[in-house]
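See structure below.
Numbers restart at 1 for each chain; the letters A, B, ... are given by sequence-line order, proteins then strands. Computed from a predicted model, the values in this text were never measured in an experiment.
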Number of protein chains: 2
Amino acid sequence: MTIDDVAKKAGVSKTTVSRILNGDYSHSKEETKQRVIKTIKELNYRPNALAKGLKLMSTNIIGIVLSNLNNPFWSTVLEGVEDTCHKLGYSLMICNSDEDPKKEKHYIEEFQMRQVDGIVINPTVRNLQLYQQLVQANYPLVVINRRLKDFSINQVIGDNVQGSKLAVNHLLDNGRKKIAVTVYKNPYVSTWKERVEGYREAMLINGFSAYDLRILEIDPLSKSIKQVTMDFLKRNHDTDAVYSTNNMITLELIDAIRQLNLKIPEDIAIVSYDETPWAKYLEPPLTTVNQPGYEMGKIATQILVRSITEKNAQRPETVVLKPKLIIRESSNLNRQGLDLRR
Amino acid sequence: MTIDDVAKKAGVSKTTVSRILNGDYSHSKEETKQRVIKTIKELNYRPNALAKGLKLMSTNIIGIVLSNLNNPFWSTVLEGVEDTCHKLGYSLMICNSDEDPKKEKHYIEEFQMRQVDGIVINPTVRNLQLYQQLVQANYPLVVINRRLKDFSINQVIGDNVQGSKLAVNHLLDNGRKKIAVTVYKNPYVSTWKERVEGYREAMLINGFSAYDLRILEIDPLSKSIKQVTMDFLKRNHDTDAVYSTNNMITLELIDAIRQLNLKIPEDIAIVSYDETPWAKYLEPPLTTVNQPGYEMGKIATQILVRSITEKNAQRPETVVLKPKLIIRESSNLNRQGLDLRR
DNA sequence: TTGAAAGCGCTAACAT
DNA sequence: ATGTTAGCGCTTTCAA
């Protein structure tokens, strides 16, 4: 079933069918137009997007490279990307680098062979040369979540330093003095580094010294994050608050605190990065730093599509999304008090 | 940069390059092969998958239609699909029907125009005619999660009746007598119907009568699931266990029980469908019916790829995946006791 | 207002 | 062992 079949059946040339198909009615008289449209419907004809793409050198497909499908933050980002693609008339190809630079490279090349019109990527930050090539080739690209230093490139990222300050200041406001931070150890990921940096800055600004910083760096491949965390809390037994930069660490942290027979928030207050579906249902409900994941996906897609359609070298833009603090009882004795009264 | 450029540079025809490119070395002598390979590398040439696809009428792309990106069950399924695609040399296009039959139809047609080799779908079950067309056209298709009754079609689904029996029997074993079930009201989704059916069967088999059944059907668009649940529990004040067929309902249920000042599991035991990242961290840790989501995605993809490559009308198969009960303290006084002792 | 024909980049049947 | 060529289904220039 091709455009030729439609043309024959309607008694016109494929040129005419092609025009009608693409909404160019200016060349045909009403009667022809109607006949062609009718024929298309009768045959239930659908144009072959491969042939169209080959001819036009453009596919209306964008690709996204994620590094983790299981974290709900990424589900939300993906939802934003998918919705926006749909609205703008693009299809979406997806893949998962799993933090593996080899896979990342493979997938980017795959996308290029498939002639996708542009790529959204949460980079492993371990293929710097490759990213640079893409930039130089003027390939439509938007980097999300992680900052690529010294790249002239479209980026949509969260303000992680600001998020940390919200968290730490809130803990200080609630009278906490011995505030620790937990973070995955990964030298490549700006996100996590910036969150620790924000913690450091907030502490120093508020009159603490470098000696007051309590930083627990956790190997992502660590057997038991809970055990590591318990050991840390034992070594720093007077810790009265923990700011966790990752929602999976947070769950292990809560477990660790429970097992040490300590109370949240009475003994240890908690604030965690990234709002999740479960945060408000934990016991006690968890205070979180909420990043607008859906927005991140949406804006990244909008910028990408813009840079696809307006090829005339507009300069790359960086959008920094502001986080919000969602205050719940895990960090807040007052709220806890209120709740008991109801 | 095309295959012609490579051919010219290497001083051979495009046929030869094409052969080498596709691993057919039998036609060329070693020296030619090496020269061509060298040239390909030097030019950093990547074949245009669009042209190849147009010629071959096959793209090595499969499409997946999901109905919800945010539920962690679907993230797990997607991970299984993505991994397996990668292993089998396929790329993946993704879209989200959002339970909207219009969108579902649109996306399936989009996939067809893009000549994807096959589709994995969690159907809205509201485009029966369309599914039937695909079957008749012998279009490679695998339905996951939801059963399509009276369709001769590949399916990979969970055994929901069995899952319910595991849940209910476990609750009965723990001495519960007044067991309720909560479920989203949606006449199209077999999954949920089957879970209630399994609850009914398990109750009747164990000597209860239809009068002992306590079924709470919840409108998915309901303003406050928590409120609805509280009302239900008040009306049925002697309920001593709830089997929740959905992980989002479960969170609201736990909240409702807390607000009624009842204890889990002392007053009300809970078992919930679908293991989640957070289940073991709830207070108390949640007993769940675990469906192998990753396996579901993996097996569906394998079946799909098989039905793509072995076009010779093999008959459709239905794979039913067995759920497992993960017993934690929300349903289990003994365990709770054990835990207190540690 | 309409159509003929070239060509997008690739593969494969068919020479040589 | 290698090359010539037709053609996959579409768009678009140019001619009528």
#### Entry: Side-chain N,O (A:T16) to OP1/OP2 (C:dG3) below 4.0 Å
yes

### Summary
Whole-Å distance, B:I3 CD1 to C:dC10 C1', equals 6 Å

### Task
Under 4.0 Å between any heavy atoms, over every strand shown, what does B:K55 touch: base, sugar-phosphate, or nothing? Just pick one.
base

### Spacing of CD belonging to B:E82 relative to NZ belonging to B:K87, to within rounding of 0.5 Å
9.5 Å

### Message
Looking at C:dG9, I'd like to know if its phosphate oxygens (OP1 or OP2) sit under 4.0 Å from a side-chain N or O belonging to B:T2.
### Response
no

#### Entry: Residue whose nearest DNA chain D nucleotide is more 5′ - B:R35 or A:K52
B:R35

### Query
Using 30° and 60° as the class limits, which term best fits the ring planes of B:H106 and A:H86: parallel, tilted or perpendicular?
tilted

### Message
What contact category does A:S28 fall into here, base, sugar-phosphate, or nothing, at under 4.0 angstrom with non-hydrogen atoms?
### Response
sugar-phosphate

#### Entry: Nucleotide nearest B:S18 when distance is taken to its side chain, options C:dT11, C:dT1, D:dC10
C:dT11

## Note on the structure
Per atom distances to the A:M57 side chain, the nearest of C:dC8, D:dG9, C:dT2 is C:dC8

### Task
Could you check B:I64, B:V305, B:L92, B:N60 and say which one makes a side chain to side chain contact (heavy atoms under 4.5 Å, CB included) with B:C85?
B:L92

### Query
When we call it a touch if two heavy atoms are under 4.0 Å apart, what does A:S58 touch: a base, just sugar-phosphate, or nothing?
nothing

### Query
How long is the line joining NZ of A:K33 and P of C:dT2, in whole Å?
12 Å

### Task
Between D:dA1, C:dC10, D:dC10, spot the one nearest the side chain of B:T32, thanks.
D:dA1

### Query
Any idea which heavy atoms bring A:S97 and A:T124 closest together, and the distance?
OG-CG2, 3.8 Å

### Message
Ignoring hydrogens and geometry beyond distance, is a side-chain donor-acceptor pair present between A:R19 and A:S28 at under 3.5 Å?
### Response
no

### Query
Using the C1' atoms of five pairs at each end, what's the angle between the two axes of the helix from C:dT1-D:dA16 to C:dT16-D:dA1, to 10 degrees?
40°

### Query
Looking only at side-chain N and O atoms, does A:Y45 come under 4.0 Å of OP1 or OP2 in D:dG9?
no

### Query
Touch check for B:L56, heavy atoms < 4.0 angstrom, all strands: base, sugar-phosphate only, or nothing?
sugar-phosphate

### Query
Under 4.0 Å: is that the gap between some side-chain N or O of B:N48 and OP1 or OP2 of C:dC8?
no

### Message
Categorize B:Y25 for me: base, sugar-phosphate, or nothing, with a 4.0 angstrom heavy-atom threshold over every strand shown.
### Response
nothing

### Message
If only side-chain N and O atoms count, and only distance matters, is there a donor-acceptor pair under 3.5 Å linking B:N127 with B:E104?
### Response
yes

### Query
Touch check for B:T15, heavy atoms < 4.0 angstrom, all strands: base, sugar-phosphate only, or nothing?
base

